[in-house]
Student: 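Input: one structure, supplied below.
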Amino acid sequence: MAESSFPDDLGSSWEAVREALRRDLPAQTFELWLEPLRAEALRRGELVLSAPRSTLTWVERRYGERIRALAREQIDGVERLLFVERGAPAQAAGPWAVAHDSLPVDSAHTFASFVIGPGNRLAHAASLAVAELPGEAYNPLFLHGPPGLGKTHLLGAIATYMREQQPGLTVHYTTAERFTTEFVTALRLDGPARFKERYRNVDALLIDDVEMLEDKPKTEEEFVHTFNALHAAGKQIVLSSDRPPQALAQLAERLRDRFDWGLTVELDPPDLRTRLALLWRMVSDLPLELGEPSALAAIASQVPTNVRRLEGAMTRVAALGSLFAEPLTNSLVARALKATEATQAADRTAPTIAAVQEAAANAHGLRPQDLLSSNRSPRVAHARQVAMYMARDLTEASLMQIARAFGRDHSTVAYAVKAVEARIEPGSETALAVNTVRRTLGVRSGQRGEIPGARLSPQDEPTPAIPLATPIPPRDPTSPTA
């Protein structure tokens with residue numbers, strides 16, 4: 001295998017990346033997750049980084065994009081990152097071999113440790129069904145929902161269950177980003193034949209974050225063929241995404257259609273009871289005395305939408321309690337989460353695109369999913385345009401981000417914004433709709449302010465909007481901004 005050696009100054013350049021990460025992150029976070037990271041090789045534009053198995057997956061998923069951006073700034077020739085397990089036997093043959101292995105699964109990601117609630121009950125049941133009967137229950141199984149609700153946990157649980165109960169199966173768990181990296185590497189090095197052989201001979205293929213396949217036509221083409229080969233052979237396919245298939249507008253239509261062949265399940269934010277159950281489980285694993293059980297309710301009420309943030313809040317509380325040798329009380333929670341309250345207050349003044357969609361749909365007597373559909377009736381079209389206009393007005397999202405959230409292209413959003421601006425006159429139907437959305441979101445004025453002469457009567461006063469489970473796609477630094 002041809003190799004390209006480190007540039008002479010790679011050591012100092014990588015140290016510059018580490019120092020930038022050290023400055024950007026809390027000291028404890030850097031020391032725990034990023035301190036063990038090492039640069040192993042630079043080959044054909046790919047920087048190979050190694051980490052212990054226990055931290056590899058989390059570092060790649062949580063900090064991969066930030067590290068890549070810094071590496072491209074500091075090290076000439078870096079285009080992509082490849083994370084490998086340090087000390088794995090395959091590494092003796094060169095770091096490339098490690099990338100072809102299934103990603104390690106977090107040992108905590110099991111069905112037994114998954115807390116079931118109304119928002120994830122169906123997703124849990126469907127995941128358990130495909131783990132017990134791969135290729136027979138639901139194929140493919142497509143899980144979608146905002147980050148932090150348990151999609152990765154369920155994919156890990158499926159992989160773990162299959163390996164334990166049917167050790168003869170070949171189960172491959174990976175991410176769409178790594179799938180793309182492996183495909184590009186195969187094209188440049190050992191050819192597509194070995195890549196096809198590796199992926200089309202598995203018994204179960206689990207791919208996380210399939211939205212990362214957007215705008216990658218060659219990888220999409222290969223994935224279609226892989227999907228067809230596995231599905232025709234009765235092999236199990238499980239996919240996850242932050243959006244439902246129909247909202248992945250940048251994916252080829254034939255790929256979105258295949259995602260809908262089996263069962264598509266949405267995960268919703270956990271309700272209060274589920275959040276309390278999660279906290280009870282967390283506190284039982286911590287060396288922290290529970291002084292006041294009501295303190296758990298205080299934490300749950302401050303972190304309403306995301307399991308990951310709930311874990312982060314519990315970690316902050318536990319860290320402060322350990323530092324001052326205090327039990328878990330309401331007072332401790334108030335001090336530990338003071339910054340969280342300030343952040344949530346700021347978030348309330350800047351609604352998400354999902355919340356805007358919900359409010360615009362309510363103002364027109366529609367469902368949020370109607371705005372994402374192909375329905376072009378006057379009422380739906382007007383609601384969709386108002387929602388796009390308000391998303392542009394009240395959020396910092398670019399036209400491209402708004403377009404992806406609606407399953408459209410950016411020119412459609414630009415036209416909608418201009419169309420609504422042209423129709424806003426005091427007392428007009430459009431002005432009434434805009435003000436209704438603004439009041440629903442609790443925003444009294446935006447960049448363009450409230451439209452005069454379009455007041456609501458008391459009976460028209462809307463109820464607070466409930467955020468949708470279709471999130472804003474992550475900001476892509478390489479995508480054009482509006």
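Keep in mind that this is a model prediction, so the values were computed, not measured. The chain is numbered in sequence order, starting from 1.
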Student: Can you name the closest pair of heavy atoms from Leu371 and Val380 and give their distance?
Tutor: CD2-O, 4.3 Å

Student: Sorted by first residue and then second, give each side-chain hydrogen bond (donor to acceptor under 3.5 Å, both in side chains) pair with at least one member in residues 150-160; sequence neighbours left out.
Tutor: Arg61-Thr152, Ser113-His153, Thr152-Asp208

Student: May I ask you to decide if Thr219's main-chain N or O and Glu222's side chain share a donor-acceptor pair within less than 3.5 Å?
Tutor: no

Student: Should the pair Glu214-Arg243 be classified as a salt bridge under the 4.0 Å nitrogen-to-oxygen rule?
Tutor: yes

Student: Quick one: pull up CG in Leu310 and CG in Leu279 and give me the separation to the nearest 0.5 Å.
Tutor: 4.0 Å

Student: In Å, rounded to the nearest 0.5 Å, how long is the span from CE of Met388 to CE of Met390?
Tutor: 14.5 Å

Student: Kindly compute the distance separating OG1 (Thr264) from CD (Gln246), expressed to the nearest 0.5 Å.
Tutor: 7.5 Å

Student: Looking at side-chain heavy atoms only, is the closest gap between Tyr199 and Thr174 below 4.5 Å?
Tutor: yes

Student: Got a sec: does the OH of Tyr138 have more than 12 other heavy atoms crowding it under 6.0 Å?
Tutor: no

Student: Between Asn330 and Ser294, is there a side-chain donor-acceptor contact under 3.5 Å, judged purely by atom types and distance?
Tutor: yes

Student: Nearest 0.5 Å, what's the CG-CZ distance between Asp260 and Arg256?
Tutor: 9.5 Å

Student: Can you see which heavy atom on Ile402 is nearest to which on Ala391, and at what distance?
Tutor: CD1-C, 3.9 Å

Student: Test Arg438 against Asp393 for side-chain contact (heavy atoms from CB on, under 4.5 Å), laying out the working first.
Tutor: CA-CA 10 Å; Arg438 203 179 293 283; Asp393 185 28; 3.1 Å; yes

Student: Would you say the side chain of Arg379 lies within less than 4.5 Å of the side chain of Leu366, judging by non-hydrogen atoms?
Tutor: yes

Student: When you look at Leu328 and Met314, which way does the side-chain contact (heavy atoms from CB on, under 4.5 Å) test go after all the steps?
Tutor: CA-CA 10 Å; Leu328 179 54; Met314 187 72 240; 4.0 Å; yes

Student: Can any side-chain N or O of Gln357 pair as donor or acceptor with the backbone N or O of Ala405 at less than 3.5 Å?
Tutor: yes

Student: Kindly say whether Asp209 contributes a backbone atom to a donor-acceptor pair with the side chain of Ser240 at under 3.5 angstrom?
Tutor: yes

Student: Under the rule for salt bridge (Lys or Arg N to Asp or Glu O under 4.0 Å), what residues qualify as partners of Arg22, not counting sequence neighbours?
Tutor: Glu19, Glu35

Student: Looking only at non-hydrogen atoms, find the nearest pair between Met212 and Glu177 and report the distance.
Tutor: CB-N, 4.2 Å

Student: Is there a donor-acceptor contact under 3.5 Å from the side chain of Arg178 to the main chain of Phe83?
Tutor: yes

Student: When Leu143 is tested against each of Leu239, Asn120, Leu155 for side-chain contact (heavy atoms from CB on, under 4.5 Å), which residue passes?
Tutor: Leu155

Student: Can you tell if the side chain of Leu248 reaches within under 4.5 Å of the side chain of Leu213, non-hydrogen atoms only?
Tutor: no

Student: Assess the side chains of Asn375 and Arg384: does a donor N or O sit below 3.5 Å from an acceptor N or O?
Tutor: no

Student: Test Thr274 against Val307 for side-chain contact (heavy atoms from CB on, under 4.5 Å), laying out the working first.
Tutor: CA-CA 10 Å; Thr274 305; Val307 175; over 6 Å; no

Student: Could you pull out all residues at least two apart from Lys235 that satisfy salt bridge (Lys or Arg N to Asp or Glu O under 4.0 Å)?
Tutor: Asp203

Student: When you compare the side chain of Leu332 with that of Phe324, does any pair of heavy atoms fall below 4.5 Å?
Tutor: no

Student: For a 4.5 angstrom cut-off between non-hydrogen side-chain atoms, does Gln236 reach Ile158?
Tutor: no

Student: Could you check Val130 against Leu263 for side-chain contact (heavy atoms from CB on, under 4.5 Å), going step by step and ending with a plain yes or no?
Tutor: CA-CA 11 Å; Val130 302; Leu263 178 65; over 6 Å; no

Student: Looking at Asn139, is its backbone amide N or carbonyl O close enough to the side chain of His231 to form a donor-acceptor pair, meaning the two atoms are under 3.5 Å apart?
Tutor: yes

Student: Check whether Arg281 reaches the backbone of Ala277 with its side chain - one donor and one acceptor, N or O, closer than 3.5 Å.
Tutor: no

Student: Please check if the number of heavy atoms outside Arg273 that lie under 6.0 Å from its CZ is greater than 12.
Tutor: no

Student: Could you pull out the closest heavy-atom pair between Arg275 and Ala300, with the gap in Å?
Tutor: NE-O, 2.9 Å

Student: Report the C-alpha distance between Glu326 and Arg335 in whole Å, list the side-chain angles of each, state the deciding distance to 0.1 Å, and finish with yes or no for salt bridge (Lys or Arg N to Asp or Glu O under 4.0 Å).
Tutor: CA-CA 12 Å; Glu326 295 183 25; Arg335 283 181 284 137; 2.5 Å; yes

Student: Grab the two heavy atoms, one from Glu60 and one from Leu103, that are nearest each other, plus how far apart they are.
Tutor: OE1-CD2, 3.9 Å

Student: Are Val105 and Arg163 close enough that some pair of their side-chain heavy atoms sits under 4.5 Å apart?
Tutor: yes

Student: Rounded to the nearest 0.5 Å, what separation is found between the CZ atom of Arg18 and the CG atom of Leu21?
Tutor: 8.5 Å

Student: Is there a side-chain contact between Leu205 and Tyr173 (heavy atoms, below 4.5 Å)?
Tutor: no

Student: Taking atom types as modelled and ignoring hydrogens, do the side chains of Ser373 and Asp370 form a donor-acceptor contact shorter than 3.5 angstrom?
Tutor: no

Student: Calculate, to the nearest 0.5 Å, the distance between atoms NE2 and CD1 belonging to His124 and Ile116 respectively.
Tutor: 3.5 Å

Student: Checking ring-ring contact (aromatic ring centres under 6.0 Å, His included) against Phe142, which of Phe227, Phe259, Trp261 comes through?
Tutor: Phe259

Student: Does the side chain of Glu292 come under 3.5 Å of the side chain of Thr329 through a donor N or O and an acceptor N or O?
Tutor: no

Student: List the steps and the verdict of salt bridge (Lys or Arg N to Asp or Glu O under 4.0 Å) for Glu211 and Arg404.
Tutor: CA-CA 11 Å; Glu211 70 274 6; Arg404 287 180 177 176; over 6 Å; no

Student: Determine whether Ile207 and Phe223 make a side-chain contact, defined as any pair of heavy atoms from C-beta on separated by less than 4.5 Å.
Tutor: yes

Student: Is the side chain of Thr352 donor-acceptor paired with the backbone N or O of Ala355 at a distance under 3.5 Å, no angle test?
Tutor: yes

Student: Where is the tightest heavy-atom contact between Val171 and Met162, given as atom of each residue plus distance?
Tutor: CG2-CB, 3.8 Å

